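Below you'll find the structure, written out as structure tokens, and then a few comments.
Here is the naming used below: chain letters follow the sequence lines, and residue numbers restart at 1 for every chain. The model shown is predicted, which means the values in this text are computed figures rather than measured ones.
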2 protein chains.
Amino acid sequence: MDDTLKIVEVPRAQPLYAQVKTLMMQRLIAGQWRPGEMLPSEFQLAAEFGVSQGTVRKALDELTAENVVVRRQGRGTFVAEHDDHRALFHFFHLVGPDGERRLPESRLISVRKGLAGRLEAGRLDIGRGVPVIRIRRVRSLDGCPAIAETIAVPQKLFPDLADIREVPNTLYDFYEQRYGITIARAVERLAAVSANERDAKLLEVTPGAPLLEIDRTALALDGAPVEWRVSRCVTSNHHYRVELG
Amino acid sequence: MDDTLKIVEVPRAQPLYAQVKTLMMQRLIAGQWRPGEMLPSEFQLAAEFGVSQGTVRKALDELTAENVVVRRQGRGTFVAEHDDHRALFHFFHLVGPDGERRLPESRLISVRKGLAGRLEAGRLDIGRGVPVIRIRRVRSLDGCPAIAETIAVPQKLFPDLADIREVPNTLYDFYEQRYGITIARAVERLAAVSANERDAKLLEVTPGAPLLEIDRTALALDGAPVEWRVSRCVTSNHHYRVELG
DNA sequence: TAGTGGTCTAGACCACTAG
DNA sequence: TAGTGGTCTAGACCACTAC
């Protein structure tokens with residue numbers, strides 16, 4: 001077709017399948033394909049990009065491995081969505097003594113507007129003094145308060161978040177549905193700290209008790225940081241689980 | 001060939017490439033292909049297994065993704081080895097404030113024989129009272145003692161380990177070269193704890209100081225647990241880094 | 001130059017899903 | 001039954017490595 005994008009300009013700068021993958025990624029970032037939507041079939045995509053079905057498949061295989069799309073035999077290829085299961089499986093690593101994950105319950109403490117401090121500015125890659133929204137909450141596991149959480153996001157990306165009365169338990173699908181922001185990846189920094197007075201009150205432990213601090217920066221599809229979250233966790237009944245390849 | 005293994009007995013119980021992968025994995029576990037060795041080429045493997053080159057490639061792609069083999073264009077496919085880089089990159093997650101990894105230095109405290117207690121028996125999947133070897137050491141980062149480590153392994157798998165005077169810094173390549181045991185995967189359980197008297201002395205902190213406890217079970221190629229390691233870490237100058245997909 | 005893995009194609013058939 | 005992804009094949013050419 002005339003309006004088909006020419007992919008190869010300088011031959012073999014990148015493999016064809018990588019170019020196709022980049023083009024599809026760009027559409028996903030631009031919101032041309034929305035979460036939950038079905039993508040065109042392999043043959044349609046192959047025709048559109050002017051490559052073979054196998055090349056499209058290789059690009060889709062990589063996007064599948066990165067949890068960007070989900071493929072279901074007989075049904076089609078869909079843009080990945082943030083449901084409870086994904087939140088729990090990919091972004092929540094606290095498990096009980098049995099190794100089983102549990103979805104925590106949340107109690108909202110406050111939602112406030114503010115201006116980015118040094119740390120927030122660094123983590124969110126914005127300037128100091130830029131408006132942010134801060135959320136505080138306590139999350140419970142098995143009925144016991146276990147996680148004291150502070151969340152900071154740029155106000156620009158989440159315009160009316162500060163006016164929200166009830167914040168849902170799993171935030172990432174909320175970000176996606178209400179603000180069109182998909183959390184694709186995250187980096188966590190873990191350290192052991194001592195509970196301060198406030199932690200102690202919220203988590204019902206003695207001041208000075210050891211807590212696991214999880215400092216998470218969450219990134220959107222395009223790699224930009226969009227949320228900074230610090231969770232202080234009681235680990236007497238739960239632990240953080242990591243699998244190493 | 002006459003002695004070629006027939007792969008398909010019940011057609012399509014598993015995809016062909018998965019069967020090929022399993023067969024190759026069995027050879028790796030049996031030590032028929034040793035770490036560092038070169039595997040036959042795709043075409044040779046395809047001929048041997050009676051499948052096409054593409055099917056072998058798919059199996060090799062998965063083994064590559066699992067860090068079991070390493071492929072180098074123009075050279076061949078090799079059984080993965082435990083070098084310092086792999087130890088650092090796949091099995092060591094403590095990084096400095098800049099996010100860079102550093103290889104820690106080790107000071108050996110003791111190597112002792114003993115009998116498996118309840119926890120050791122559970123983690124190593126052996127019976128209580130089975131002979132084990134316990135290693136204690138302190139590891140330093142940037143010259144400061146930062147990790148107090150206790151390691152337990154079944155004596156049966158590491159016959160003369162208790163007689164060793166000097167234990168090398170990176171144990172996994174040592175296990176591989178001396179005992180033919182390849183560590184393929186590991187599961188870590190993280191929690192925050194308070195330093196006891198011994199921790200405090202070894203790590204030069206005050207008793208009660210918060211420490212990050214890393215409880216790791218390391219698994220061999222066949223999935224059997226072969227090492228249990230508990231590391232208590234000072235995280236005032238370093239943190240444990242996790243990337244979430 | 002020969003041998004290896006890396007890419008790309010074209011086409012076949014199977015397994016699953018939905019109407 | 002039609003359409004989708006999943007598997008498998010056969011063959012071509014390229015890029016890299018070693019001799």
Inset, instruction - Please tell me which of the listed nucleotides, C/dT17, D/dT9, C/dC8, lies nearest to the side chain of B/Thr55? - result: D/dT9
Inset, instruction - Report yes if at least one side-chain N or O of B/Thr77 is closer than 4.0 Å to OP1 or OP2 of C/dT4; otherwise report no. - result: no
Legend entry - Listed nucleotide nearest any side-chain atom of B/Lys58, set D/dT7, C/dT7, D/dT9: D/dT7
Legend entry - SB check A/Arg241 A/Glu243 (cutoff 4.0 Å): yes
Legend entry - Nucleotide nearest B/Ser41 (side chain, heavy atoms from C-beta), chosen from D/dT7, C/dT4, D/dA10: C/dT4
Legend entry - Distance flag, aromatic centroids of A/Phe91 and A/His82, threshold under 6.0 Å: yes
Inset, instruction - Would you indicate which nucleotide in D/dC8, D/dA12, C/dT17 comes nearest to any side-chain atom of A/Arg75? - result: C/dT17
Inset, instruction - Going by the side-chain contact (heavy atoms from CB on, under 4.5 Å) test, name the single residue among B/Arg189, B/Glu188, B/Arg229 that passes it with B/Thr217. - result: B/Arg189
Legend entry - Under 4.0 angstrom between A/Tyr17 side-chain N/O and C/dC8 OP1 or OP2: no
Legend entry - Complementary nucleotide for D/dT7 - Watson-Crick or wobble, under 3.5 Å: C/dA12
Inset, instruction - Could you pick out which residue, A/Gly74 or B/Asp61, lies toward the 5' side of DNA chain C when each is mapped onto its nearest nucleotide? - result: B/Asp61
Legend entry - side-chain N/O A/Arg71 vs D/dG6 OP1/OP2, d < 4.0 Å: yes
Legend entry - Side chain of A/Gln73 (C-beta onward), nearest among D/dG5, D/dT7, C/dG5: D/dG5
Inset, instruction - Answer yes or no: are there more than 12 heavy-atom neighbours, outside A/Glu66 itself, under 6.0 Å from its atom CD? - result: yes
